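Take a look at the structure set out below.
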Amino acid sequence: MTADDLDAVVSNEFSAYAYPWTRGIFSDCLNEEQECWVGSVDGTLVGHLVITPGAGEAHLLNVCVRRESQGHGYGRTLTLHALDCARAAGADALFLEVRPSNLIAARLYESLGFVEVGLRKNYYPADKGREDARVMVLDLEAFFRQSSRTQV
């Protein structure tokens, strides 16, 4: 992801989420040199992700597929890329938060081997106040050993 991608990234966020990240948040991530990636198909930016590695672990902060492109496996592809990035950065584990109401994302993460390790109360904004976040983690060494995956 570069600053030139931000219009499309923000547009995708707003198409996919009721409470999207702002352009300023993405700019900060780029300026802080977080791992920021986009996925394109035939020249159209279909998704993006932000990951922050550090201290032997990494955190998947954002993964988004634009509404019109959902259901085609791009979320899985982006998440697998995040796993590769985390591993390349020397992380042993990848953490994330997911809304309990986001069943599609939770199923994706569970299918990759993420397990719930906690709950953050009132973490996300919601229509009626706040929504909790399921904290999930994936043991990267076990994932790559089991799947025999190499970096993409």
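As the structure is a prediction and not an experimental result, all values here were calculated from the model.
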Can you tell me how far apart [atom1] ([X]) and [atom2] ([Y]) are? Round to the nearest 0.5 Å.
X	Y	atom1	atom2	answer
Ile104	Gln70	CD1	CD	7.0 Å
Leu96	Thr79	CG	OG1	8.0 Å
Tyr74	Cys64	OH	SG	14.0 Å

Could you tell me which non-hydrogen atom of [X] sits nearest to which non-hydrogen atom of [Y], and how far apart they are?
X	Y	value
Arg67	Ala16	NH2-O, 3.0 Å
Ala106	Val98	N-CG2, 4.2 Å
Cys36	Cys29	SG-CB, 3.8 Å
Ala82	Leu60	CB-CD1, 3.9 Å

According to a 4.5 Å side-chain heavy-atom criterion applied to Ile, Leu, Val, Met, Phe, Trp and Tyr, with indirect links allowed, do [X] and [Y] form part of one hydrophobic cluster?
X	Y	result
Phe95	Leu78	no
Phe143	Leu108	yes
Leu138	Val117	no
Val137	Val135	yes

For Glu141, is the CD atom crowded, meaning more than 12 foreign heavy atoms sit under 6.0 Å from it?
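Counting neighbours around CD of Glu141, 12 or fewer heavy atoms of other residues, nucleotides or ligands fall under 6.0 Å, so no.
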Partner set under side chain to side chain contact (heavy atoms under 4.5 Å, CB included) for Ala86, not counting sequence neighbours:
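Result, side chain to side chain contact (heavy atoms under 4.5 Å, CB included) vs Ala86: Ile51, Ala58, Ala91, Leu94, Leu140.
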Taking only residues two or more places apart in sequence or in another chain, which ones pass salt bridge (Lys or Arg N to Asp or Glu O under 4.0 Å) with Asp132?
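In terms of salt bridge (Lys or Arg N to Asp or Glu O under 4.0 Å), with neighbours along the sequence ignored, Asp132 is linked to Lys121.
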Could I get the full list of salt bridge (Lys or Arg N to Asp or Glu O under 4.0 Å) partners for Arg130, not counting sequence neighbours?
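Arg130: no salt bridge (Lys or Arg N to Asp or Glu O under 4.0 Å) contacts found.
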Shared-cluster residues of [X], by chain and number - hydrophobic side chains joined below 4.5 Å:
X	value
Leu119	none
Leu61	Met1, Leu6, Val9, Val10, Phe14, Trp21, Ile25, Phe26, Leu30, Val38, Leu45, Val50
Tyr123	Tyr124

Measure from the side-chain N and O atoms of Tyr19 to the backbone N and O of Asp127, and report whether any donor-acceptor pair falls under 3.5 Å.
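Yes: the side chain of Tyr19 pairs with the backbone of Asp127.
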Within the distance-only criterion (no hydrogens, no angle test), does the side chain of Ser11 pair as donor or acceptor with the backbone N or O of Ala8 below 3.5 angstrom?
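Judged by distance alone, no pair lies under 3.5 Å.
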Sort and list the pairs that fulfil salt bridge (Lys or Arg N to Asp or Glu O under 4.0 Å) and have at least one residue in residues 17-43, not counting sequence neighbours.
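For residues 17-43: Asp7-Arg23.
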Could you give all pairs that pass the salt bridge (Lys or Arg N to Asp or Glu O under 4.0 Å) test and reach residues 91-111, with sequence neighbours left out?
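Output for this query lists Glu97-Arg120, Arg99-Glu131, Glu110-Arg134.
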side-chain hydrogen bond (donor to acceptor under 3.5 Å, both in side chains) involving [X] - partner list, sequence neighbours excluded:
X	result
Asn31	none
Asn122	none
Tyr17	none

Can you tell me which residue pairs pass the ring-ring contact (aromatic ring centres under 6.0 Å, His included) test with a partner in residues 97-116, sequence neighbours excluded?
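Every ring-ring contact (aromatic ring centres under 6.0 Å, His included) pair that includes a residue of residues 97-116, provided the two are not neighbours, is Tyr109-Phe114.
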Does the ring centre of Trp37 sit less than 6.0 Å away from the ring centre of His48?
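Ring centroids of His48 and Trp37 are no less than 6.0 Å from each other.
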Do Leu49 and Asn62 have side chains that get closer than 4.5 Å, going by heavy atoms?
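No, too far: nothing below the 4.5 Å cut-off.
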Does any donor atom in the side chain of Arg66 or Thr44 lie under 3.5 Å from an acceptor atom in the other side chain?
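No donor-acceptor contact under 3.5 Å links the two side chains.
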